[in-house]
Protein chains: 2
Amino acid sequence: IIHMDGITKVYDTGKVKVEALRGIDLSVQKGEFVAIVGPSGSGKSTLMNLIGCLDTPTGGQFDLAGEAVAGLDRDQLADVRNRRVGFIFQNFNLLPQISAFENVEMPMLFGGVSKRERRERACELLERVGLGNRMDHKPTELSGGQMQRVAIARALAMNPDILLADEPTGNLDSASGGDIMTLFKNLWEQGGTLVVVTHDMALANRAGRVVEIRDGLIVRDTANAA
Amino acid sequence: IIHMDGITKVYDTGKVKVEALRGIDLSVQKGEFVAIVGPSGSGKSTLMNLIGCLDTPTGGQFDLAGEAVAGLDRDQLADVRNRRVGFIFQNFNLLPQISAFENVEMPMLFGGVSKRERRERACELLERVGLGNRMDHKPTELSGGQMQRVAIARALAMNPDILLADEPTGNLDSASGGDIMTLFKNLWEQGGTLVVVTHDMALANRAGRVVEIRDGLIVRDTANAA
Ligand SMILES: Nc1ncnc2c1ncn2[C@@H]1O[C@H](COP(=O)(O)OP(=O)(O)OP(=O)(O)O)[C@@H](O)[C@H]1O
Ligand SMILES: Nc1ncnc2c1ncn2[C@@H]1O[C@H](COP(=O)(O)OP(=O)(O)OP(=O)(O)O)[C@@H](O)[C@H]1O
Ligand SMILES: [Mg+2]
Ligand SMILES: [Mg+2]
């Protein structure tokens, strides 16, 4: 469902030039649960942004769900993304001026879900991440870990085929982090594909496969070791 | 150096009302290293914002460095804070339009440090947190963990008496997190006072004392157990 061949990403802002990814070969089958680990600055978020089609590679071949991503136009890309990919950003990326409830509702609004179904689903997801009593709070009226859980609920709103999570438990205590792991496991058991960046080895060990990145290259992939 | 008696904090935005702190009694002596732990949403950041004088309590008595904080005017408060307190925010709070180097220099500019000394210290601190080759990057040109390390370097710029760190290693891998723990230990050994919120039990166990917060109250304090 994810196929990358020789993927590179260079950030070149004139003043600074960084080769964040230097040749990534990565294939993920439908229904896999992959953990991506590696030191700070090694290229994990850069890789996730490419998989999630939020950025384009500098070079290499990338197919998502069997389609060559480079061939899609912006609207097609946005549509594929909204329906099939749930993305949990490292910095949450919530809309600050609307409530937690409205943030979770957002993808369903774009996805053409009926009002009644949207509201039921947003309620249910916020309850499941433990925020039933914080639905009307705006992001600035929430704690760090609460914002992170709203971002997780939002990513699950369209029941995505692929869930991309960039450090989803960094701001959570072990109990809340455990609840999130259970949510991910449920999605996996329903046949979902998960790619999770994490520094939390407890979460990485729950995945079916661990890919380690260092300096923009894959240095270890338990799929190859099996 | 920190003395709190019956401290409460209520967030009341008209629509939502939350009793984030419901009567905190906390005394920290000069030279202590205190870890604050507790579930997501329990009131840790709220408490840190009060200790760091970034917000005012709803009720109770609070003395910092022997002075009743309520009695200081805004300028005196800002001056005490800049010279004596280093603050690492949960969301980093870097200025996005200037470089990592300029962000670390900022407190020293306000603190009246000479240009040459400012530059040397900013360089040295960025090297020590492992970002010697990222000094010219703006925050948007850095990874999550790199931004966090810039925030740590900035908090140490004025060699503060008190370091307040709200989840300083949430975005760091274990090696980078270990470097930060060493930095904190060094500051402690030089006689500094540290108060660190963390979900990372490895960091909490390196502290001299652990205070656990739940639902706006202190439920456990190893100082009392000793
Ligand atoms: N501006 C605000 N308005 C209303 N409620 C708020 C506001 N800021 C925080 N809260 C609420 O106060 C409670 C305490 O928040 P706080 O940020 O102190 O928690 P925390 O212990 O730091 O959590 P975390 O570990 O998730 O960062 C939370 O339930 C939160 O929803
Ligand atoms: N917009 C940008 N411009 C220039 N360099 C960038 C940009 N974004 C990231 N970088 C650099 O690319 C490298 C990879 O960044 P990335 O965010 O992918 O790392 P990461 O593995 O997610 O790290 P962390 O665990 O700290 O979040 C870093 O060294 C970073 O400084
Ligand atoms: Mg990252
Ligand atoms: Mg917090």
Side-chain angles (χ1 to χ4, degrees), chain A residues 11-18 20 37-46 48 89-92 99-100 129-131 133-149 166-167 169-180 197-202 204 212-214, chain B residues 11-18 20 37-46 48 89-92 99-100 129-131 133-149 166-167 169-180 197-202 204 212-214:
Chain A
Y11 292 113
D12 191 350
T13 58
K15 205 172 160 199
V16 292
K17 190 175 173 207
V18 175
V37 300
S40 171
S42 54
K44 304 178 299 296
S45 295
T46 301
M48 291 297 268
F89 294 87
Q90 189 168 1
N91 62 349
F92 321 144
S99 72
V129 296
L131 292 176
N133 62 347
R134 292 280 182 275
M135 291 203 201
D136 288 338
H137 283 231
K138 293 194 178 65
T140 48
E141 296 167 346
L142 293 172
S143 78
Q146 289 171 339
M147 284 192 282
Q148 192 162 36
R149 285 181 276 158
D166 196 344
E167 309 223 24
T169 61
N171 281 276
L172 298 179
D173 61 280
S174 45
S176 307
D179 294 346
I180 300 308
V197 170
T198 186
H199 289 308
D200 179 347
M201 291 328 279
E212 185 179 346
I213 303 227
R214 212 167 260 276
Chain B
Y11 292 114
D12 190 352
T13 58
K15 205 172 162 197
V16 291
K17 189 173 172 209
V18 176
V37 301
S40 172
S42 55
K44 304 178 300 297
S45 294
T46 302
M48 291 297 267
F89 294 88
Q90 189 169 1
N91 61 350
F92 318 146
S99 73
V129 296
L131 291 176
N133 62 347
R134 292 281 181 275
M135 291 204 200
D136 287 338
H137 284 232
K138 295 196 178 66
T140 48
E141 297 167 348
L142 293 171
S143 79
Q146 290 171 337
M147 283 192 282
Q148 194 163 35
R149 284 180 276 159
D166 195 345
E167 309 223 26
T169 61
N171 282 276
L172 298 179
D173 59 315
S174 46
S176 307
D179 293 345
I180 300 309
V197 170
T198 186
H199 289 309
D200 179 346
M201 292 327 280
E212 185 177 348
I213 304 230
R214 214 167 258 276

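Naming: A, B, ... by sequence-line order, numbering from 1 per chain.
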- Roughly how far, to the nearest 0.5 Å, is CG of A:Asp173 from CD of B:Glu212?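 Going from the CD atom of B:Glu212 to the CG atom of A:Asp173 covers 10.0 Å.
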
- Hey, could you give me the CG/CG distance between A:Asp200 and B:Asp200, rounded to the nearest 0.5 Å?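 So the gap between those two atoms works out to 9.5 Å.
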
- Min side-chain heavy-atom separation A:Val16-B:Lys138 under 4.5 Å: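 With C-beta onward as the side chain, the pair stays apart.
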
- Message: Please rank A:Ser40, A:Ser45, A:Gly145 by heavy-atom pairs under 4.5 Å with chain B and give me the top one.
- Response: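 That would be A:Ser40.
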
- Name the member of A:Glu167, A:His199, A:Glu141, A:Met201 that forms the most heavy-atom pairs with chain B at distances under 4.5 Å.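 With the most close heavy-atom pairs to chain B, the winner is A:His199.
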
- Message: With a 4.5 angstrom heavy-atom cut-off, is it the side chain or the backbone of A:Thr13 that approaches chain B, or both, or neither?
- Response: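 It is the side chain, since no backbone atom gets that close.
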
- Examine whether an atom of B:Asn91 lies under 4.5 Å from a heavy atom of chain A, and if so say whether it belongs to the side chain, the backbone or both; otherwise answer neither.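 No part of it gets close to chain A.
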
- Message: Is B:Val37 close to chain A through its backbone or its side chain, or both, or neither, when contacts mean heavy atoms under 4.5 Å?
- Response: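 No part of B:Val37 comes within 4.5 Å of chain A.
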
- Please report the closest heavy-atom contact between A:Gln90 and B:Asn171, naming both atoms and the distance.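 In this case the closest contact between A:Gln90 and B:Asn171 is NE2-OD1, 2.9 Å.
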
- Query: If you count heavy-atom pairs under 4.5 Å between each of B:Gly43, B:Ser42, B:Pro39, B:Ser176 and chain A, which one has the most?
  - Reply: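 Ranked by heavy-atom pairs under 4.5 Å with chain A, first place is B:Pro39.
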
